[in-house]
2 protein chains.
Amino acid sequence: MTYRLPSLNSLRAFEAAARHLSFKTAASELGVTPGAVSQQVKKLEASLGVALFRRLPHGLLLTGAGETYLPRISRVFEDLTDATEEIAPDINGRKFTLGLCPKAAALLPEGWPAQRDALHPHVRQTIETSDVERIRRDEIDCLIRTGGGPYGDLALVELPNPTDRSGRSKLHFICKNGLADCRQSKAILADLGAVILPGS
Amino acid sequence: MTYRLPSLNSLRAFEAAARHLSFKTAASELGVTPGAVSQQVKKLEASLGVALFRRLPHGLLLTGAGETYLPRISRVFEDLTDATEEIAPDINGRKFTLGLCPKAAALLPEGWPAQRDALHPHVRQTIETSDVERIRRDEIDCLIRTGGGPYGDLALVELPNPTDRSGRSKLHFICKNGLADCRQSKAILADLGAVILPGS
DNA sequence: AATCAGACTCAGAAATTCTAATCCTGGAGG
DNA sequence: CCTCCAGGATTAGAATTTCTGAGTCTGATT
């Protein structure tokens with residue numbers, strides 16, 4: 001049936017790099033080093049015999065081929081994800097257990113996230129904690145706290161403090177690398193964004 | 001974007017095995033040993049947490065999950081192939097150089113394959129030879145000859161001898177493993193089938 | 001001019017995948 | 001009933017692929 005295909009690993013590297021236009025960011029999403037992404041993309045380009053990126057001193061651009069390839073590859077990964085979730089709902093559909101430190105909770109609306117309907121499909125329960133290690137121990141999937149860091153190999157998303165528009169004090173959303181872009185995290189972050197910056 | 005996906009290798013193994021309902025045949029298509037396919041499929045099932053095959057003493061059956069997964073995965077690989085060919089036409093679109101041994105040529109219509117329009121997009125040239133080694137040396141992509149074998153790791157498709165309906169003497173289509181199912185081979189085989197068994 | 005961010009390279013380490021040999025099961029045939 | 005056979009499972013070790021980590025290079029920024 002299929003005769004020759006590029007390897008999935010290199011396609012994932014390409015897809016992430018093309019989406020971010022950065023090997024470094026892609027590497028962080030994939031949980032590997034930038035060198036690995038660079039090598040995978042180079043391997044892909046070699047196997048296709050076509051350049052996909054134009055390397056500029058600061059950042060990347062897609063070539064024409066890369067431009068037409070990206071949306072189709074992204075689509076393929078989406079289809080694959082959908083098909084996989086259909087038969088194995090647990091693989092990506094698991095609800096998150098969310099850690100929330102008291103200080104952060106005080107900055108958020110009363111009862112968040114329980115009363116946000118949009119989060120029901122994604123959040124199983126909320127635990128009051130500020131211990132980052134519980135992410136590594138898989139006791140919680142993500143943690144919202146006010147300060148701290150650095151968090152080593154964990155992914156970090158910063159959110160402006162809703163009561164401190166100066167931007168000095170921040171809310172931190174922390175999770176395992178590679179989980180920052182999953183549906184659950186996105187839903188939570190979108191909801192927080194809505195809470196914090198209504199209408200923006 | 002994508003959070004967790006099964007590995008492409010295991011998906012390829014699944015797709016081929018599900019299509020053939022045989023690890024052995026799938027292994028031959030993929031150019032690996034049956035054990036490798038078995039391992040990949042097992043890994044996939046483990047990572048999904050879902051059984052895809054029911055192992056019967058003689059052959060395989062798909063489970064419900066496998067049944068719904070297969071068409072979607074096949075589709076994904078088709079899309080991937082199409083997208084890849086769009087930007088790198090050479091990867092699968094290369095025209096074949098076809099070896100044809102004199103004895104076999106005598107059994108086929110005068111001038112075959114040159115005068116078959118359907119083969120023009122797939123066949124670059126025809127070389128008179130019966131040397132199987134030229135496939136391994138990449139001098140030709142496939143070879144049609146009357147007898148011989150075994151051909152070791154090369155793929156073999158048998159075609160009935162058009163002038164010997166008893167079936168004892170056969171025409172052999174030989175190519176590298178993994179090339180038997182590509183478009184070019186399929187086109188050639190389809191055309192030979194038409195030549196040999198008109199109307200069937 | 002110095003600094004910096006990001007991509008590249010390369011050798012060695014780590015992980016994955018494949019092979020090859022052997023085992024196991026159930027059906028077919030004598 | 002017994003033997004043979006086909007095909008899948010299993011395993012250790014080999015082969016291959018992929019990743020890391022350190023260092024280099026380039027052009028933009030200060």
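Numbers restart at 1 for each chain; the letters A, B, ... are given by sequence-line order, proteins then strands.
A distance-only check finds no donor-acceptor pair linking the side chain of A:Gln39 to the backbone of A:Pro34 [under 3.5 Å]. Checking side-chain atoms of B:Thr68 against main-chain N and O of B:Ala65 turns up a donor-acceptor pair under 3.5 Å.
Classified by interplanar angle (parallel below 30°, tilted 30° to 60°, perpendicular above 60°), the ring pair A:Phe14/A:Tyr69 is tilted.
Residue B:Asn9 contributes atom CG, which lies 15 Å from atom P of D:dT16 at whole-angstrom precision. D:dT18 atom P lies 5 Å from atom CD of A:Gln40, rounded to whole Å. Rounded to whole Å, the distance from CD on A:Glu45 to P on C:dA7 is 13 Å. The CZ atom of B:Phe23 sits 15 Å away from the P atom of C:dT19 (whole-angstrom rounding). Distance B:Phe53 CZ to D:dG8 P: 10 Å, rounded to the nearest Å. Look at CZ on A:Arg54: it is 17 Å from C1' on C:dG6, rounded to the nearest Å. The interatomic distance linking A:Leu8 (CG) with C:dT16 (C1') rounds to 14 Å, in whole Å. The distance from atom CZ of B:Phe14 to atom C1' of C:dT17 is 20 Å, rounded to the nearest whole Å.
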Dump every N/O contact between nucleotides 21-24 of chain C and the protein below 3.5 Å, one line per pair.
none

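Looking at heavy atoms from C-beta onward, B:Val76 lies out of side-chain contact with A:Phe77 at the 4.5 angstrom threshold.
The hydrophobic cluster containing B:Leu61 does not contain B:Val37, counting ILVMFWY residues as joined when their side-chain heavy atoms lie under 4.5 angstrom apart, directly or transitively. No path of Ile, Leu, Val, Met, Phe, Trp and Tyr side chains, each step under 4.5 Å between heavy atoms, connects B:Phe23 with B:Leu56, placing them in separate hydrophobic clusters.
Residue A:Leu60 has its side chain nearest to C:dA7 when only C:dC18, C:dT17, C:dA7 are considered.
The shortest distance between the side-chain N/O atoms of A:Lys24 and the OP1/OP2 oxygens of C:dA5 is not below 4.0 Å. Of the side-chain N and O atoms in A:Ser38, none sit less than 4.0 angstrom from OP1 or OP2 of C:dA7. Between A:Arg55 and C:dC8, a side-chain N or O to OP1/OP2 separation shorter than 4.0 Å is present. Residue A:Ser22 has a polar side-chain atom (N or O) positioned under 4.0 Å from OP1 or OP2 of C:dA7. For the OP1/OP2 pair of D:dT10 and a distance below 4.0 Å, the side-chain nitrogens and oxygens of B:Lys42 include at least one atom meeting the criterion.
Side-chain atoms of A:Ser10 and A:Ser7 form a donor-acceptor pair, as typed in the model, at a separation below 3.5 Å.
For a distance-only test at 3.5 Å, the side chain of B:Gln39 fails to qualify as a donor-acceptor partner of the base of C:dT16.
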